[in-house]
Amino acid sequence: MFAPFSAARRAARFAWYRSGLFWRTFLLMSLLTAASMGSWIGMLNMFQRGPQVQQTAELVGSVVTLTRAALTHSAPDLRRELLLELVSNEGIRILTMNDYDVVEPPPNTALMADIAHAVRDRLGKHTRFSSSVNGVPGFYISFNIQEDEYWLMLERERLAGLTRVQWLGWATLVGLLSLVGAAFVSSLVNRPLARLTAAARAIAKGERPTALPEKGSQEIIEANRSFNQMVDDLAQVEKDRAVILAGISHDLRTPLARMQLEIEMASLPQDAREGMQSDINQMDAIIGQFLDFAKPTDAATFVAVNLSEMLSEVGREAGRMRDLKVAVDLMPGIHVMGNATDLRRVVNNIIENARKYGKTPGSDLTEINILLRVKATGHGRRAVIEICDHGVGVPQDQITQLLKPFTRLDSARGQANGAGLGLAIVERVLSRHNAELMVSNREGGGLVLQIALPLAG
């Protein structure tokens, strides 16, 4: 019986896969930002690479040439002091190259390959490079003085350009700032639409939303102003309709009462008297339906209603009718937020509709089952009322017509009396209680109405 609610629950479980406007805008802006950053870094690296190679090659060539000249022309007894001065003042270390040195090759990158090629053009094709000698990291370049070979080590900090770690740090910082900016812009774009969506949802529930702020861009101002005007117009139409229906219904009851009195006083045959009284009572019931349909439901009147007790009372009262057989199965202690009078009217209208049109085939009785449970739905845990009869049901393709005002499906439900507002009143009241109404045919014959109401608290 609760398969529609189970399907709704399954759909809600995967609803987070569907991105809203905010996340779509945020994702699009993030992708565009990432693409622009990648292009910018690529272009910057491309344009920076040539000058960086040239500057590094000139620095290395100058340092090696000057160091070699200083060592060659210095007195042998002063070379030790010269080496110490180069280490302390210039950060340059000179090491004798030995066959047993543990040498690590330089990084195998395109930038290092270009630097090595440019340096060899200045110092000779036999120049060697290393990133570590005997476990000591640095930028090593080989050179020779006559027959002796040496390593010259430069501190990496002296080489121009950013390291990979620095590039990664700057890219991360810029990326985070870009994401924050994308989230901010997406929020600015989404906020007016979110307000408009919430206001439209409130109207769908029969509520009057607060006026949308008429500020921002010109398009947002115009949209919000038009929406506010539409809300005012709808409220006025609703008020005028309620006044017209109430006025007409009230005015009609005066001549009906006079006709009832005249029939009582007139000398008429008993059959004619009872027929005319039945017609007047039916007209009075139709007027009552008009009044119920026009009556608004104010959310300010909502209180915690003990639905279990209310349905138990309604079931007992309906069971006193001679042509009704009511069976109830109610979970105790279920409370919902709503207007107790309107909710009772909803259940009574459903029972009355079943009594008129849902008689059990081959019997003068209408069998009605009322079930109350707490179920998990797509909107969370709710109190679910199920009311069903054992009649002939309704053709599947005509079920949606049942909730429309002034609609009667006589061919499917037997004889028709009334204005066709019973289930329309039910649907109208429930929509203002933020409740769901589902109508379906019962297995084995009859009609099933399921009502899901928000729980109190």
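Residues: numbered from 1 along the sequence shown. Keep in mind that what you see is a predicted model, and the values were worked out from it rather than measured.
- Not a single donor-acceptor pair under 3.5 Å links the side chain of Thr360 to the backbone N or O of Thr366.
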Could you walk me through whether Arg355 and Asp323 pass the salt bridge (Lys or Arg N to Asp or Glu O under 4.0 Å) test, one step at a time? CA-CA 8 Å; Arg355 187 183 70 84; Asp323 56 349; 3.0 Å; yes

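- Here the straight-line distance linking atom CG of Leu449 with atom CD of Glu386 works out to 9.5 Å at 0.5 Å rounding.
- For the pair Val439/Val448, no side-chain contact is recorded, criterion being any heavy-atom separation below 4.5 Å from C-beta on.
- For the 3.5 Å distance criterion, the side chains of Arg345 and Thr341 fail to qualify, holding no donor opposite an acceptor.
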Stepwise, does the side-chain contact (heavy atoms from CB on, under 4.5 Å) test hold for Val314 with Val328? CA-CA 10 Å; Val314 171; Val328 297; over 6 Å; no

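- Here the side chain of Ser308 pairs a donor or acceptor atom with the backbone of Met331 at under 3.5 angstrom.
- Annotation: Asp233, atom CG; neighbour count of heavy atoms from other residues, nucleotides and ligands within 6.0 Å is above 12.
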The test is side-chain contact (heavy atoms from CB on, under 4.5 Å); show your working for Asn349 and Val347 and say whether it passes. CA-CA 5 Å; Asn349 279 357; Val347 178; over 6 Å; no

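- Taking all atoms of both residues into account, the shortest heavy-atom contact from Ala435 to Leu453 is CB-CD2, 3.4 Å.
- A salt bridge does not link Glu367 to Lys359: none of the charged nitrogens lies less than 4.0 Å from a carboxylate oxygen.
- The minimum heavy-atom distance between Ser131 and Pro107, with the atom names listed, is CB-CD, 4.4 Å.
- The two atoms that bring Phe227 and Ala199 nearest to each other are CE2-CB, 3.4 Å, heavy atoms only.
- Separating the CG atom in Leu365 from the CE atom in Met321 is a distance of 13.0 Å, to the nearest 0.5 Å.
- The closest donor-acceptor contact from the side chain of Asn228 to the backbone of Ala211 lies at 3.5 Å or more, if one exists at all.
- Here the side chains of Glu436 and Thr377 are in contact, with some heavy-atom distance below 4.5 Å.
- Asn369 has its side chain within reach of His390: a pair of non-hydrogen atoms, C-beta onward, lies under 4.5 Å apart.
- Between Leu371 and Leu330 the shortest side-chain heavy-atom distance does not fall below 4.5 Å.
- Looking at Val231 and Pro209, their side chains come closer than 4.5 Å, going by heavy atoms from C-beta outward.
- With Asp389 contributing its side chain and Leu447 its backbone, the two residues share a donor-acceptor pair below 3.5 Å.
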Chi angles and distances behind the side-chain contact (heavy atoms from CB on, under 4.5 Å) call for Val136, Arg93: CA-CA 11 Å; Val136 180; Arg93 295 180 62 185; 4.0 Å; yes

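- In this structure, Ser130 contributes its side chain and Pro105 its backbone to no donor-acceptor pair below 3.5 Å.
- Put simply, the side chain of Asn348 gets close to the backbone of Arg344: a donor and an acceptor are under 3.5 Å apart.
- Between Ala383 and Val336, the shortest heavy-atom distance links the atoms CB-CG1, 3.7 Å.
- Asp101 CG to Asn134 CG: the interatomic distance, rounded to the nearest 0.5 Å, is 4.5 Å.
- When all heavy atoms of Val392 and Pro361 are compared, the pair lying nearest together is CG1-CG, 4.0 Å.
- No side-chain heavy atom of Glu214 sits under 4.5 Å from any side-chain heavy atom of Glu222.
- Residues Val326 and Ala318 come closest through the heavy atom pair CG2-CB, 3.9 Å.
- Separation of atoms CG (Asn434) and CZ (Arg201) is listed at 10.5 Å; rounding is to 0.5 Å.
- Side-chain contact between Val102 and Val133: absent, with no pair of heavy atoms (C-beta onward) separated by less than 4.5 Å.
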Stepwise side-chain contact (heavy atoms from CB on, under 4.5 Å) check, Ile350 with Val346: CA-CA 6 Å; Ile350 294 175; Val346 162; 4.2 Å; yes

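- Side-chain atoms of His433 come within 3.5 Å of backbone N or O of Asn339 as a donor-acceptor pair.
- Within the 4.5 Å cutoff, the side chain of Leu430 has heavy atoms near those of the Ile451 side chain.
- Atom CE in Met310 sits 9.0 Å away from atom CG in Leu372 (nearest 0.5 Å).
- Atom CG in Asp329 sits 11.0 Å away from atom CD1 in Ile370 (nearest 0.5 Å).
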